[in-house]
Novice: 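First, the structure itself, so that you have it in front of you.
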Protein chains: 2
Amino acid sequence: MAKSSNLKTAALEKSSHLEYFKIAVSVDCVIFGYEEKELKVLLIKSDLKEFAGLYSLLGDLVRPDEDLDKASYRILKERTDLDDVFLQQVHTFGTVNRHPSGRVVSTAYYSLVNINNHKLKINNNDLRWHTVKNVHKLAFDHKEILATSLLHLRGQIEEHPVIHNLLDEKFSLRELQEVYEAILNTPLDRRNFRKKITLKNWLVDLNEMEDNVSHRPGKLYKFKPKLIKNNKLT
Amino acid sequence: MAKSSNLKTAALEKSSHLEYFKIAVSVDCVIFGYEEKELKVLLIKSDLKEFAGLYSLLGDLVRPDEDLDKASYRILKERTDLDDVFLQQVHTFGTVNRHPSGRVVSTAYYSLVNINNHKLKINNNDLRWHTVKNVHKLAFDHKEILATSLLHLRGQIEEHPVIHNLLDEKFSLRELQEVYEAILNTPLDRRNFRKKITLKNWLVDLNEMEDNVSHRPGKLYKFKPKLIKNNKLT
DNA sequence: CCAAAAGTGTTCTGGCTACACCCATGG
DNA sequence: CCATGGGTGTAGCCAGAACACTTTTGG
């Protein structure tokens with residue numbers, strides 16, 4: 001048994017630290033999409049005077065009774081109306097002066113969504129998709145958060161089939177390759193790409209062909225169903 | 001120019017969110033060391049009644065005027081009296097009920113220190129080194145934090161020379177291999193290990209020999225000086 | 001001479017890269 | 001018949017894994 005002489009209860013400990021509850025906790029979501037052979041990111045025009053004219057990531061303060069992970073789902077749901085979406089924590093940014101409103105520690109999450117599945121809520125000019133390559137200046141430290149998240153994403157697509165979140169259910173190998181090229185920002189050799197993908201054993205051949213293409217149609221594939229379950233852990 | 005009609009100043013925004021400043025932000029440090037062919041972690045006996053008898057990681061609340069990263073350095077410095085130590089953020093843990101004292105979001109950092117360099121401050125039984133393999137139950141969610149950090153560490157030692165932080169300046173290849181084996185918790189082939197390390201080109205041959213060993217002495221090496229600078233980024 | 005660890009090279013396998021030709025379809 | 005992309009295989013290189021013998025030192 002531990003000596004209990006100087007043990008304190010949790011309630012006691014809390015009261016002695018009240019002065020520390022002066023830091024706000026927020027979540028910023030780096031929501032990636034794919035469209036027209038470009039990797040996109042969903043940005044919103046900042047509503048702070050300090051950053052007038054600049055875009056920022058989608059973020060919000062975490063509620064006192066809300067898990068950190070849940071907060072990121074809430075933000076995503078509010079903005080894209082998508083449930084059951086891929087989301088993963090990237091890094092936490094906590095320098096003192098990163099937010100002009102006061103001390104805010106923010107945890108970044110990145111997400112991959114299929115742009116076609118939720119054109120609904122995005123019809124104004126303040127919230128729209130931006131080509132990642134062309135994003136140069138963002139509010140707060142959001143450029144750094146975006147860069148960190150992109151590196152994270154590049155690492156993940158080599159090892160995990162997360163990329164399915166960006167695509168429709170059925171796709172050709174060319175389409176898949178184009179998504180990889182957009183994310184990695186580099187061209188890939190077709191034969192080597194196909195070999196590598198085959199080796200990973202992520203895909204099912206649907207025995208269907210592309211349609212509506214003005215050239216020889218390619219075969220269609222989908223990701224194995226067991227891989228696109230449990231988005232949260234993939 | 002953006003329409004400024006519904007822009008608000010940062011100060012204004014802050015006042016409208018005061019009710020959110022109810023989450024405490026803390027840092028937990030997973031301080032790894034190496035001794036007697038074992039990977040160790042520095043743990044302290046919890047001072048909460050709820051966790052009487054259990055050990056926990058070293059952590060503290062982040063001060064309102066203190067960068068998150070700085071907070072982790074402060075904790076490390078307070079406990080080990082070491083400056084200029086390797087520290088890296090791992091993950092942020094933010095479920096609502098992870099701390100019995102109230103809502104605490106905690107960012108985990110891991111650190112690698114040379115146990116021989118600071119025997120000073122660690123002489124009581126409440127703060128001591130534990131063999132990682134034998135750690136089974138910790139206070140809070142610290143077991144999970146430890147596990148996540150260990151995975152992170154295992155990934156890093158393959159790509160970055162961070163392992164030098166665990167060793168004395170001069171060491172033999174056998175000693176180095178033993179540290180890798182302790183971290184990976186698996187035996188390695190001597191010849192392959194030496195080839196791989198040579199290929200990484202991290203080491204300088206000191207043209208010195210081991211001493212005080214009762215067998216054929218090995219050559220001594222050190223890490224290239226430029227690699228052991230800027231600990232914070234290695 | 002014994003115990004303990006140092007030091008060293010080859011073979012096999014698998015993944016990664018570079019690279020070129022014929023085929024199917026639509027227009 | 002032309003344009004567009006589909007589909008396919010080989011050779012070279014490199015990294016990783018398995019594996020055994022001789023050498024040096026202390027005791």
Side-chain angles (χ1 to χ4, degrees), chain A residues 34-38 154-161 163 167-168 170-223, chain B residues 34-38 154-161 163 167-168 170-223:
Chain A
Y34 172 79
E35 200 177 42
E36 292 169 359
K37 309 196 181 182
E38 301 271 21
R154 285 180 181 161
Q156 298 249 306
I157 59 173
E158 306 286 352
E159 296 168 32
H160 302 285
I163 208 166
L167 284 160
D168 293 333
K170 302 176 180 188
F171 51 86
S172 67
L173 290 180
R174 174 180 43 78
E175 288 172 307
L176 182 60
Q177 180 176 340
E178 283 166 357
V179 185
Y180 271 93
E181 290 175 335
I183 294 173
L184 298 173
N185 194 28
T186 186
L188 301 174
D189 176 84
R190 192 161 80 246
R191 280 172 293 188
N192 293 337
F193 176 77
R194 284 162 188 246
K195 248 180 305 177
K196 204 164 149 183
I197 282 291
T198 306
L199 218 51
K200 290 191 197 295
N201 205 24
W202 289 342
L203 303 183
V204 184
D205 183 342
L206 289 168
N207 291 312
E208 290 178 60
M209 290 296 183
E210 271 184 311
D211 217 344
N212 305 320
V213 288
S214 71
H215 57 264
R216 174 174 175 180
K219 290 169 100 171
L220 292 177
Y221 296 81
K222 67 172 184 179
F223 278 85
Chain B
Y34 172 79
E35 199 177 44
E36 292 170 358
K37 309 197 181 180
E38 301 271 22
R154 285 179 181 161
Q156 297 249 309
I157 58 172
E158 304 287 351
E159 296 168 32
H160 303 285
I163 208 166
L167 283 160
D168 292 333
K170 303 177 180 186
F171 50 86
S172 67
L173 290 180
R174 172 181 45 80
E175 287 173 307
L176 182 60
Q177 179 175 343
E178 282 166 355
V179 184
Y180 271 93
E181 290 176 335
I183 294 174
L184 299 173
N185 196 26
T186 185
L188 301 173
D189 176 84
R190 192 163 78 246
R191 279 171 293 187
N192 293 337
F193 175 78
R194 284 163 186 244
K195 248 183 303 180
K196 204 165 151 185
I197 282 290
T198 306
L199 217 50
K200 290 190 197 298
N201 205 25
W202 289 343
L203 302 184
V204 183
D205 183 341
L206 288 169
N207 290 313
E208 290 178 59
M209 289 295 182
E210 272 183 313
D211 219 343
N212 304 322
V213 287
S214 71
H215 56 266
R216 175 173 174 180
K219 290 169 99 172
L220 291 177
Y221 296 81
K222 65 173 185 179
F223 278 86

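From a predicted model like this one, the values you see are computed outputs, not experimental measurements. Values below: every heavy atom of this structure, side chains too, minus hydrogens, waters and symmetry copies.
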Novice: May I have the distance from Arg191(A) (atom CZ) to dA11(D) (atom P), rounded to whole angstrom?
Specialist: 13 Å

Novice: Without decimals, in angstroms, what is the distance between Lys195(B) NZ and dG16(D) P?
Specialist: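 So the two atoms are 10 Å apart, to the nearest Å.
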
Novice: Test side-chain contact (heavy atoms from CB on, under 4.5 Å) on Ile163(A) and Tyr34(A); report intermediate values, then the result.
Specialist: CA-CA 10 Å; Ile163(A) 208 166; Tyr34(A) 172 79; over 6 Å; no

Novice: What is the distance, rounded to the nearest whole Å, between atom CG of Asp211(A) and atom P of dG5(D)?
Specialist: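 That distance rounds to 17 Å.
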
Novice: When the nearest nucleotide of DNA chain C is assigned to Ser172(B) and to Asn192(B) on a heavy-atom basis, which residue is associated with the more 5' position?
Specialist: Ser172(B)

Novice: Nucleotide range of DNA chain C contacted by chain A, 5' to 3', under 4.0 Å to a heavy atom?
Specialist: dG15(C) to dG26(C)

Novice: Are Leu203(A) and Phe171(A) close enough, and set up right, to give a side-chain contact (heavy atoms from CB on, under 4.5 Å), and what steps lead you there?
Specialist: CA-CA 10 Å; Leu203(A) 303 183; Phe171(A) 51 86; 3.8 Å; yes

Novice: Does any N or O in the side chain of Glu38(B) come within less than 3.5 Å of the main-chain N or O of Glu35(B), such that one atom is a donor and the other an acceptor?
Specialist: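 Side chain of Glu38(B) to backbone of Glu35(B), a donor-acceptor pair under 3.5 Å: no, none is there.
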
Novice: Starting at CG of Leu188(A) and ending at P of dG6(D), how long is that distance when rounded to a whole Å?
Specialist: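 Those two atoms, CG and P, are 14 Å apart.
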
Novice: Measure distances between side-chain N and O atoms of Arg190(A) and base N and O atoms of dG5(D), and say whether any donor-acceptor pair falls under 3.5 Å.
Specialist: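 Checked by distance alone, the answer is no.
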
Novice: Provide the closest heavy-atom pair for Asp205(A) versus Leu220(A) in the form atom of the first, atom of the second, distance.
Specialist: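 Minimum heavy-atom separation between Asp205(A) and Leu220(A): OD1-O, 3.8 Å.
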
Novice: For residues 177-185 of chain A, run the donor-acceptor check on the side chains, cut-off 3.5 Å, and write out each pair with its distance to 0.1 Å, sequence neighbours left out.
Specialist:
from, atom 1, to, atom 2, distance (Å)
Gln177(A), NE2, Glu181(A), OE2, 3.1
Gln177(A), NE2, Leu188(A), O, 2.9
Glu178(A), OE2, Lys37(A), NZ, 3.3
Tyr180(A), OH, Ile157(A), O, 3.0
Glu181(A), OE2, Leu188(A), N, 2.8

Novice: Identify the two heavy atoms, one from Met209(B) and one from Pro217(B), that lie closest to each other, and give their separation to 0.1 Å.
Specialist: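 Looks like SD-O, 4.1 Å.
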
Novice: Please tell me which of Lys196(A) and Tyr221(B) maps to the more 5' nucleotide of DNA chain C, matching each residue to the nucleotide holding its nearest heavy atom.
Specialist: Tyr221(B)

Novice: Indicate yes or no for a side-chain donor-acceptor contact from Asp189(B) to the backbone of Arg191(B) under 3.5 Å, with no hydrogens or angles considered.
Specialist: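 Yes; at least one donor-acceptor contact below 3.5 Å.
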
Novice: Measure the distance from CG on Asp189(A) to P on dG6(D) and round it to the nearest whole Å.
Specialist: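 Rounded to whole Å, this separation is 13 Å.
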
Novice: Heavy atoms under 4.0 Å, any strand shown: does Leu173(A) hit a base, just sugar-phosphate, or nothing?
Specialist: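 Nothing, no nucleic acid heavy atom in range.
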
Novice: Walk me through whether Glu208(B) and Lys222(B) qualify under side-chain contact (heavy atoms from CB on, under 4.5 Å).
Specialist: CA-CA 11 Å; Glu208(B) 290 178 59; Lys222(B) 65 173 185 179; over 6 Å; no

Novice: Regarding Arg194(B), tell me which of base, sugar-phosphate or nothing describes its non-hydrogen contacts under 4.0 Å with the strands shown.
Specialist: base

Novice: To the nearest Å, give me how far apart NZ (Lys200(B)) and C1' (dA15(D)) are.
Specialist: 11 Å

Novice: Can you tell whether the side chains of Lys196(B) and Glu158(B) come within less than 4.0 Å, N to carboxylate O?
Specialist: yes

Novice: If a protein heavy atom is under 4.0 Å from the base, mark B; if only from the sugar-phosphate, S; if neither, -; do that for nucleotides 22-27 of chain D going 5' to 3'.
Specialist: -BBBS-

